[in-house]
Amino acid sequence: MDKGASKRIVVGVGGGIAAYKSCALIRRFTESGHQVRVIPTDSALEFVGSATFEALSGNPVHTGVFTDVPAVPHVRLGQEADLVVVAPATADLLARAAHGRADDLLTATLLTAQCPVMFAPAMHTEMWLHPATADNVAILRSRGAVVIEPASGRLTGADTGPGRLPEPDELFGLASLLLERAEALPRDLTGRRIVVSAGGTREPLDPVRFLGNRSSGKQGYAIARLAAQRGAEVTLISGVTAGLEPPAAVEVVQVTTAEQMRVAVDKHAVGADAVIMAAAVADFRPASVASAKIKKGAGEPDSIPLIRNDDILAGLVQARRDGALSAGTAIVGFAAETGDEHGDVLSHARAKLQRKGCDLLVVNAVGEGKAFEVDSNDGWLLGADGTEAALPLGSKALMASRVLDALRAHLG
Ligand code: CTP
């Protein structure tokens, strides 16, 4: 999507307590310049009043098909939309949509929509796991709708388990990805187990100081989030990030140092279909960690002796050669490159792919406003089989979707 391009988005709101989160989602869409029509169900209005939806979207709100009849809203809203997002989608709403009911404005709109449709389910765990709901989700997916995986966590009351509506930021990210690329969320990684590392490591110097880097973790988190939404069982080994929320339906293992990351990656890589090393792992660490805070003293500072950390990616490739890791485990590396007097970004990246021995290398061109702490990336995707594809400038979610396409093709 062009930055700032205005799209017509219908936000359907089902009758669940999570309806309150749709307000923040609607706001994200309107702040991004999109035109939003909100269509709640009657029961959604038990949770959030229509005045709130009207004020947030700047448009009138109706639940039935007999208001504003001359404008034929039950046909027009669906036909004209660029995206329909239903959040929260209750068990009842999924059932009605799956069976083609058209007994209110929202379900009628779902039957006329020609654009991508994304359902974000939210309900109690028992209802989510019930075979009736699972069948309804399968029907909707088989017809091309995107039904995203709910988050796990605290539901209304004391219950925990899958069924929670992901946070508005996450819903906004997935919806924005569908606007960028309508086919970005297939269920083509179902049955795959994928390990993703993300974020930066911190190498302690003393109890209050460390050597770190500027990695935000956004690219790795985007890959983990999308892999889970494409059906994979995902473990995210997370170093230090810019305070990112754990993605829905992803197991997160938190680590701090490169050594902790190596141990966690090696453990979870066993039996995985793919390991994606998006983390910015420190190449070196201080040779010793002072047990008390280092004082500045009077003279010039001491230099800090460093020792090399293990290269986790190279270790995975070696483990696969030795048979400790299955030959079928795909290994994906990342490289942040600038050109220099020895070669351009691409020639450095080709050499790194050779050196590291991984199957795919995602190359980010780094420079002003690129790669670090920003929301967009560009670069190349290099395959050990000699394939090279340019990754055009786009969101980190879009880049994640292209990386997963390449991985999917590699896995066969
Ligand atoms: N990596 C790793 N373990 C390390 C360092 C890096 O697994 N100790 C992984 C990163 O996660 C990334 C890839 O290796 O997937 C590339 O890292 P990079 O630091 O760019 O590679 P280097 O071989 O260290 O090359 P350079 O000389 O450019 O620093």
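Start at 1 and go down the list; that is how both ligands and their atoms are numbered. Scope of the values below: all heavy atoms of this structure, side chains included, with no hydrogens, waters or symmetry mates.
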4.0 Å heavy-atom contact, His348 with ligand 1: no
Between Gly333 and Leu313 the two heavy atoms that sit nearest each other are CA-CD2, 3.8 Å
Taking atom types as modelled, find out whether Asn136 and Thr133 have a side-chain donor-acceptor pair closer than 3.5 angstrom. no
Identify the heavy atoms of Ala335 and Leu361 that sit nearest to each other, and give their distance. CB-CD2, 4.1 Å
Would you say Val146 and Leu174 make side-chain contact, with heavy atoms under 4.5 Å? no
Any side-chain donor paired with an acceptor under 3.5 Å for Ser215 and Asn213? no
Numbering as shown, the atoms of ligand 1 that approach Gly333 to under 4.0 Å (heavy-atom distance): 15 (O)
Polar side chain donor-acceptor pair, Asp340 to His348, under 3.5 angstrom: yes
If we ignore angles and hydrogens, is there a donor and acceptor under 3.5 Å between the side chains of Glu251 and Thr235? yes
Under 3.5 Å donor-acceptor pairs involving side-chain atoms of residues 268-288, not counting sequence neighbours:
unit_1	atom_1	unit_2	atom_2	d
Asp273	OD2	Arg193	N	2.7
Arg285	NH1	Asn309	OD1	2.6

Return the closest protein heavy atom for atom 27 (O) of ligand 1 as residue, atom name and distance. Arg355 NH2, 4.4 Å
Arg202 side chain vs Val240 backbone, donor-acceptor pair below 3.5 Å: no
Students should be able to answer this: which protein heavy-atom is nearest to atom 13 (C) of ligand 1, and at what distance? Phe334 O, 3.0 Å
For ligand 1, is there an N or O atom under 3.5 Å from any N or O atom of Met277? yes
Asp310, any N or O under 3.5 Å of ligand 1 N or O: yes
Within the structure, does Lys356 bring an N/O atom to less than 3.5 angstrom of an N/O atom in ligand 1? yes
Please write down residue, atom name and distance for the protein heavy atom closest to atom 18 (P) of ligand 1. Lys352 NZ, 3.5 Å
Could you work out, for atom 5 (C) of ligand 1, the closest of Asp311, Asn364, Asp283, Val362 by heavy-atom distance? Asp283
For Ala279, take its heavy atoms, then give the atoms of ligand 1 lying under 4.0 Å from any of them. 10 (C), 11 (O)
Against heavy atoms of Ala282, which atoms of ligand 1 measure under 4.0 Å? 8 (N)
Ligand 1 to Val281 polar contact by distance, N or O atoms, under 3.5 Å: no
Please report the shortest heavy-atom distance between Leu110 and Ala97, naming the atom on each side. CD1-CB, 4.0 Å
Tell me, please: is Ala258 in heavy-atom contact with ligand 1, that is, under 4.0 Å? no
Using distance alone, decide if ligand 1 has a nitrogen or oxygen within less than 3.5 Å of any nitrogen or oxygen in Leu313. yes
Protein contact to atom 3 (N) of ligand 1 [nearest heavy atom, distance to 0.1 Å]: Ile312 N, 3.0 Å
